[in-house]
K.L.:
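Below you'll find the structure I mean.
The shown structure was predicted, so the numbers you read here are calculated from the model rather than taken from an experiment.
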Amino acid sequence: MDFSNLHTILRSLYDEMMPLCSDMAGVAQAIAGLGALFYVAYRIWQSLARAEPIDVFPLLRPFVIGFCIMFFPTVVLGTINAVMSPIVQGTSSMLEGQTLDMQKYREEKDRLEYEQMMNDPSTAYLVDDAEFDRQIDELGVTEIGTAAGMYIERGMYKVKKAIQNFFRELLEMLFQAASLTIDTIRTFFLIVLAILGPIAFALSVWDGFQSTLTMWIQRYIQTYLWLPVADLFSTILAKIQVLMLQNDISELTNNPNADLDGTNTAYVIFMIIGIIGYFTIPTVAGWIIQAGGAGNYNRAVNNTAMQAGSMAGSVGGAVAGNVAGRAGKLLK
């Protein structure tokens with residue numbers, strides 16, 4: 001199964017669904033227009049009632065949002081996608097480079113492992129049919145038991161390799177399936193956010209719903225970052241496999257009796273970790289961007305600074321009072 005083709009289909013699905021944003025623009029414009037009427041009228045009436053000059057700049061907010069709704073696919077989605085697309089391309093190129101290295105080292109490891117077994121007469125017949133036939137022909141009639149043992153060992157070796165390849169292919173398929181699941185959910189979320197985005201913008205015109213605008217942008221960017229985070233996670237796992245393959249190649253080159261069963265087990269373990277780790281990607285993407293986080297951070301910093309200043313003032317006052325009291329006693 002070509003999983004890369006399925007990921008390409010998901011990209012095409014997103015592009016095909018984008019024109020549906022225009023269908024929601026009419027409804028969103030009506031909601032935003034009614035909200036703008038109340039928004040402007042309330043603030044003008046409030047300024048007149050307080051005998052204050054009318055501040056025109058805040059009144060432009062509904063009109064800017066209305067402009068964004070009118071050209072939502074190009075102004076809003078086009079801008080965000082254009083800014084975030086280089087991040088996706090960069091992480092994708094990183095993953096592609098590590099994947100190519102992993103394939104190259106895997107082929108090198110298989111070749112060295114085959115050569116190591118061919119150089120040993122006791123194992124050459126396990127991997128080479130011609131060597132197996134040659135050793136069978138050299139056995140006499142009285143060595144039927146030895147020939148039967150060779151058939152059994154060769155059969156067990158093939159079964160062992162078949163089981164290892166089956167589990168490796170199964171885990172690799174599950175790993176790719178986990179990646180495809182995350183990408184499918186991501187595409188679904190992006191399509192829903194994109195189609196209903198004009199409605200979210202329109203509701204943000206109304207008082208009490210202003211946070212809808214920032215929350216929509218936050219959710220869209222968070223969901224968009226799922227793919228770069230997934231590519232980075234796959235890149236890390238691919239790099240781990242490259243390091244493991246490099247270690248195996250070094251062992252096969254320097255140690256003729258190297259046993260790689262432990263490495264195969266570690267490879268299976270890392271694949272299981274990768275399958276589980278893929279479902280933590282939405283949480284990691286949520287750590288990267290959070291709307292309103294800077295305000296909370298600044299508030300915490302200001303509170304800490306105020307507490308530190310108060311403590312410093314208390315300590316300074318206590319020290320000054322102590323010094324003044326001792327000076328008064330000396331003067332008496």
Side-chain angles (χ1 to χ4, degrees), residues 17-87 189-225 285-314 316-317:
M17 297 293 287
M18 283 306 97
L20 295 179
C21 298
S22 302
D23 298 339
M24 289 292 176
V27 179
Q29 288 175 13
I31 297 174
L34 186 61
L37 177 63
F38 285 100
Y39 182 90
V40 174
Y42 172 74
R43 278 155 180 77
I44 292 178
W45 173 81
Q46 190 179 39
S47 298
L48 293 176
R50 294 177 179 177
E52 297 176 350
I54 298 174
D55 190 1
V56 180
F57 186 75
L59 301 181
L60 298 178
R61 183 177 184 271
F63 300 99
V64 174
I65 295 177
F67 175 79
C68 293
I69 293 173
M70 291 176 60
F71 304 98
F72 191 82
T74 55
V75 173
V76 180
L77 295 179
T79 302
I80 296 177
N81 293 341
V83 173
M84 302 299 296
S85 180
I87 301 176
F189 284 176
L190 287 179
I191 291 174
V192 172
L193 288 171
I195 293 176
L196 298 180
I199 304 297
F201 273 59
L203 291 176
S204 67
V205 176
W206 294 78
D207 288 331
F209 294 94
Q210 287 89 347
S211 61
T212 305
L213 179 62
T214 56
M215 291 300 296
W216 183 91
I217 297 175
Q218 172 202 3
R219 297 299 182 192
Y220 189 88
I221 296 177
Q222 278 185 359
T223 307
Y224 201 97
L225 287 175
W287 293 346
I288 298 174
I289 177 172
Q290 289 184 352
N296 296 333
Y297 174 76
N298 292 333
R299 190 179 302 112
V301 171
N302 291 334
N303 292 336
T304 304
M306 292 176 62
Q307 292 176 2
S310 178
M311 184 180 297
S314 301

K.L.:
So how far is it from Phe63 CZ to Cys68 SG, rounded to the nearest 0.5 Å?
P.N.:
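It is 13.5 Å, given to the nearest 0.5 Å.
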K.L.:
Should Ile80 and Tyr224 count as side-chain neighbours, where that means a heavy-atom distance under 4.5 Å?
P.N.:
no
K.L.:
Working to the nearest 0.5 Å, report the span between CE of Met84 and OG1 of Thr223.
P.N.:
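Met84 atom CE to Thr223 atom OG1 measures 10.5 Å (nearest 0.5 Å).
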K.L.:
Are Leu193 and Gln222 side-chain neighbours, meaning at least one heavy-atom pair lies under 4.5 Å?
P.N.:
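Contact flag for Leu193/Gln222 side chains = no.
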K.L.:
Is there a side-chain contact between Ile288 and Ile221, using heavy atoms and a 4.5 Å cut-off?
P.N.:
no
K.L.:
For Arg61, enumerate each residue passing the salt bridge (charged side-chain N to carboxylate O under 4.0 Å, His left out) test, keeping only those at least two apart in sequence or located in another chain.
P.N.:
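For Arg61, no residue satisfies salt bridge (charged side-chain N to carboxylate O under 4.0 Å, His left out) once neighbours in sequence are set aside.
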K.L.:
Atom OH in Tyr42, atom CG in Leu59: separation rounded to 0.5 Å?
P.N.:
13.0 Å
K.L.:
Taking all atoms of both residues into account, what is the closest heavy-atom pair of Ser211 and Thr214, and its distance?
P.N.:
O-OG1, 3.0 Å
K.L.:
Compare all side-chain heavy atoms of Ile31 with those of Trp206 and state whether any distance is below 4.5 angstrom.
P.N.:
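Yes, at least one pair of side-chain atoms sits under 4.5 Å.
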K.L.:
Within this structure, what is the OG1-CE distance for the pair Thr74 and Met18, rounded to the nearest 0.5 Å?
P.N.:
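Between Thr74 OG1 and Met18 CE, I get 13.0 Å after rounding to 0.5 Å.
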K.L.:
With heavy-atom distances below 4.5 Å as the criterion, would you say the side chains of Val76 and Tyr220 are in contact?
P.N.:
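No, too far: nothing below the 4.5 Å cut-off.
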K.L.:
Please give me the minimum heavy-atom distance between Pro198 and Ala28, naming the atom from each residue.
P.N.:
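Smallest interatomic distance, heavy atoms only, reads O-CB, 3.3 Å.
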K.L.:
Kindly compute the distance separating CD1 (Ile217) from CZ (Phe201), expressed to the nearest 0.5 Å.
P.N.:
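Going from CD1 on Ile217 over to CZ on Phe201, the span is 5.0 Å.
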K.L.:
At what distance, to the nearest 0.5 angstrom, does CG of Leu213 lie from CD of Gln218?
P.N.:
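These two atoms lie 11.5 Å from each other.
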K.L.:
When you measure from the side chain of Ser85 to the backbone N and O of Ala82, does any donor-acceptor pair fall under 3.5 Å?
P.N.:
no
K.L.:
Give me the atom names and distance for the closest heavy-atom approach of Leu77 to Ala194.
P.N.:
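Here Leu77 and Ala194 meet closest at CD1-CB, 3.7 Å.
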K.L.:
Determine whether Val192 and Arg219 satisfy the following criterion, side chain to side chain contact (heavy atoms under 4.5 Å, CB included), listing intermediate values before the conclusion.
P.N.:
CA-CA 11 Å; Val192 172; Arg219 297 299 182 192; over 6 Å; no
K.L.:
Which heavy atom of Ala200 sits nearest a heavy atom of Trp216, and at what distance?
P.N.:
CB-CD1, 3.8 Å
K.L.:
If you take all heavy atoms of Val205 and Gly35, which pair is closest and at what distance?
P.N.:
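Heavy atoms only, the tightest pair is CG1-C, 3.5 Å.
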K.L.:
Is there a donor-acceptor pair under 3.5 Å between the side chain of Gln210 and the backbone N or O of Gly208?
P.N.:
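Side chain of Gln210 to backbone of Gly208, a donor-acceptor pair under 3.5 Å: yes, one is there.
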K.L.:
Hey, do the aromatic rings of Phe67 and Phe71 have their centres closer than 6.0 Å?
P.N.:
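Yes.
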K.L.:
Shortest non-hydrogen contact from Ile69 to Ala32?
P.N.:
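Ile69 and Ala32 have their closest heavy atoms at CD1-CB, 3.8 Å.
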